[in-house]
J.: 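Structure in structure tokens, see below.
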Amino acid sequence: VSVNSKGEIKANKSGEALIYAMDLFGHKATLKVIVELSEDEIYKIDENGVLIGYYGHDTIINIPDKVKEISSQAFKEDLKITKVIIGKNVKKIHDDAFSNCKNLSEVDMKHTQSLQLIGDNAFKKCENLEYITIPKSVEKLGSSAFQNCKKLKKVSIDSSSKLNKINENTFNGCVSMQEFEVPQNCTYIGNSAFANTTAMNKFVFSGNKITEIGERAFEKASNLKNLN
């Protein structure tokens, strides 16, 4: 907050602040200011339903139902966020939307049945993320979407998922991941997709449609003995 020469208080975002004042006679006062913003003020959403900015300070982000897409870098490097609840009408999470949110530990996608895209680097380096369930409506996981999510232990994808590719570096560096089941419609595993998954000990193909596995796809997955 700021105070102008007229004593008017201006706030740039929600939260709490203390203002210390003293008059000409030396009398001191402390004023506590609490600023609360409406949903429309916290989330900047354009006329097409694209969330392009966030001005709050919450640790739990509940994406409004009016949002259809989350734009590139919308929450990038926001260190306050610990949990994100994806709204039921979100269809696309674009590149770097939540990358480097290092304290993000939970992403709840159970409310959305229309999500189609998780873009490149969307959750890259979310180092405290432990579990993720990807809706079966998702058709594309971008390159490096979950790269270097070091605590990511389990990724659940329905066997009947529409996902047909696991792109380059998608799970590279997920050193805590222990198992993975490829959905039955998947035909392609990209370069280094599961490289450096050093805890991986179980990898299952739920279908037989794989036609290509890229270079170094399982490089340094040192505990993985068999591909089933």
Side-chain angles (χ1 to χ4, degrees), residues 1-4 6-19 31-135 137-149 152 163 167 170:
V1 296
S2 59
V3 183
N4 65 20
K6 296 180 181 180
E8 296 171 333
I9 299 171
K10 181 179 179 180
N12 297 314
K13 61 181 181 178
S14 61
E16 297 182 1
L18 294 177
I19 297 175
L31 177 66
K32 183 177 182 180
V33 178
I34 301 175
V35 180
E36 296 183 351
L37 301 180
S38 68
E39 183 179 278
D40 289 339
E41 293 173 309
I42 293 174
Y43 298 98
K44 185 176 182 180
I45 303 168
D46 71 12
E47 66 275 9
N48 296 313
V50 180
L51 193 160
I52 56 179
Y54 173 72
Y55 303 109
H57 67 288
D58 296 323
T59 58
I60 298 176
I61 304 298
N62 198 335
I63 304 297
D65 288 343
K66 68 176 73 174
V67 173
K68 296 178 181 178
E69 300 183 20
I70 300 173
S71 70
S72 297
Q73 303 185 25
F75 296 92
K76 184 178 180 180
E77 297 178 352
D78 191 327
L79 301 182
K80 300 184 297 296
I81 301 174
T82 60
K83 179 178 179 179
V84 173
I85 302 169
I86 304 298
K88 66 180 182 179
N89 294 313
V90 174
K91 294 182 178 180
K92 296 180 180 181
I93 300 174
H94 287 284
D95 300 352
D96 286 289
F98 295 95
S99 63
N100 285 280
C101 291
K102 294 184 183 297
N103 293 310
L104 178 60
S105 61
E106 183 178 355
V107 178
D108 184 347
M109 297 186 183
K110 65 176 178 286
H111 301 287
T112 177
Q113 300 300 318
S114 57
L115 185 63
Q116 300 169 357
L117 168 70
I118 297 176
D120 297 349
N121 310 307
F123 295 94
K124 184 177 180 179
K125 292 186 179 179
C126 292
E127 297 179 350
N128 277 289
L129 185 62
E130 295 188 31
Y131 304 96
I132 188 78
T133 297
I134 298 173
S137 58
V138 172
E139 299 174 5
K140 181 180 177 181
L141 275 180
S143 300
S144 302
F146 294 94
Q147 185 174 0
N148 289 330
C149 291
L152 186 60
L163 188 67
N167 284 303
T170 299

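Just so it is clear, the structure is predicted and the values come from calculations on it, not from any experiment. All residue numbers in this chain count up from 1 along the given sequence.
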J.: Report the residues that fulfil side-chain hydrogen bond (donor to acceptor under 3.5 Å, both in side chains) with Lys68, sequence neighbours left out, ordered by chain and then residue number.
T.: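 For Lys68 there are no side-chain hydrogen bond (donor to acceptor under 3.5 Å, both in side chains) partners, ignoring immediate neighbours.
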J.: Which atom pair, heavy atoms only, marks the closest approach of Asn100 to Leu79?
T.: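 Closest approach of Asn100 to Leu79, heavy atoms only: O-CD2, 3.8 Å.
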J.: Counting distance only, does the side-chain N/O of Thr82 pair as donor-acceptor with the main-chain N or O of Thr59 below 3.5 Å?
T.: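 The answer is yes, because a donor-acceptor pair under 3.5 Å joins these two groups.
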J.: Nearest 0.5 Å, please: how far is CG in Asn62 from OH in Tyr43?
T.: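 It is 6.0 Å, given to the nearest 0.5 Å.
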J.: When you measure from the side chain of Asn48 to the backbone of Val50, do you find a donor-acceptor pair of N or O atoms at a distance under 3.5 Å?
T.: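 No: the side chain of Asn48 does not pair with the backbone of Val50.
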J.: Kindly give the heavy-atom pair with the smallest separation between Lys80 and Gly56, and that separation in Å.
T.: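 Closest approach of Lys80 to Gly56: CE-O, 4.0 Å.
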J.: Applying the side-chain contact (heavy atoms from CB on, under 4.5 Å) test to Met109, which of Val84, Ile118, Val138, Ile85 qualifies?
T.: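 Of all the options given, the one that passes is Ile118.
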J.: Can you tell me how far NZ of Lys83 sits from CD of Glu106, rounded to the nearest 0.5 angstrom?
T.: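 So the CD of Glu106 and the NZ of Lys83 are separated by 4.0 Å.
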J.: Please evaluate residues Leu152 and Phe123 with respect to the criterion side-chain contact (heavy atoms from CB on, under 4.5 Å), reporting the C-alpha separation (whole Å), side-chain torsions for both, the decisive distance (0.1 Å), and the verdict.
T.: CA-CA 11 Å; Leu152 186 60; Phe123 295 94; over 6 Å; no
J.: So, taking the atom named CG in Leu104 and the one named CD1 in Ile60, what distance separates them when rounded to the nearest 0.5 Å?
T.: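 The distance works out to 11.0 Å.
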J.: Say you draw a straight line from CG of Asp65 to NZ of Lys88; how long is it, rounded to the nearest 0.5 Å?
T.: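 One finds 5.0 Å between CG of Asp65 and NZ of Lys88.
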J.: Does a sphere of radius 6.0 Å around NZ in Lys76 hold more than 12 heavy atoms from other residues, nucleotides or ligands, not counting ones at 6.0 Å or beyond?
T.: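 Count over threshold, so yes.
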J.: On a heavy-atom basis, which atom in Lys125 and which in Cys149 lie closest, and how many Å separate them?
T.: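 Scanning both residues completely, I find the closest heavy atoms to be N-SG, 4.3 Å.
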J.: Report the distance from atom OG of Ser137 to atom CG of Leu117, rounding to the nearest 0.5 Å.
T.: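 Between atom OG of Ser137 and atom CG of Leu117 there are 11.0 Å.
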J.: Which heavy atom in His94 sits nearest to a heavy atom in Ala122, and how many Å separate them?
T.: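 What the structure gives for the nearest pair is O-CB, 4.1 Å.
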J.: Identify each donor-acceptor pair in which a side-chain atom of residues 139-148 lies under 3.5 Å from a protein atom, sequence neighbours left out, and give them as a table.
T.:
residue	atom	partner	partner atom	Å
Ser144	OG	Gln147	OE1	2.7

J.: Given 3.5 Å as the limit, does a donor-acceptor pair link the side chain of Asn121 with the main chain of Asp95, or not?
T.: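 Pair absent, no side-chain N/O of Asn121 close to backbone of Asp95.
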J.: Where does the angle between the aromatic ring planes of Phe75 and Phe98 fall among parallel (under 30°), tilted (30 to 60°) and perpendicular (over 60°)?
T.: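 If you compare the ring of Phe75 with that of Phe98, the planes turn out parallel.
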J.: Tell me if a side-chain donor or acceptor on Ser71 pairs with a main-chain N or O of Leu51 at a distance below 3.5 Å.
T.: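 Flag set: sc Ser71 to bb Leu51 pair under 3.5 Å.
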J.: What distance do Ile52 atom CD1 and Lys44 atom NZ have between them, rounded to the nearest 0.5 Å?
T.: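 NZ of Lys44 is found 4.5 Å from CD1 of Ile52.
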J.: How close do Tyr54 and Asp58 get, counting heavy atoms only, and between which atoms?
T.: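 Taking every non-hydrogen atom into account, OH-N, 3.1 Å.
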J.: Apply side-chain hydrogen bond (donor to acceptor under 3.5 Å, both in side chains) to Asp108 and list each qualifying residue two or more places apart in sequence or on a separate chain.
T.: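 In terms of side-chain hydrogen bond (donor to acceptor under 3.5 Å, both in side chains), with neighbours along the sequence ignored, Asp108 is linked to Lys110.
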J.: Look at the side chain of Thr112 and the backbone N and O of Val90, then say whether any donor-acceptor pair between them is shorter than 3.5 Å.
T.: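 Yes; at least one donor-acceptor contact below 3.5 Å.
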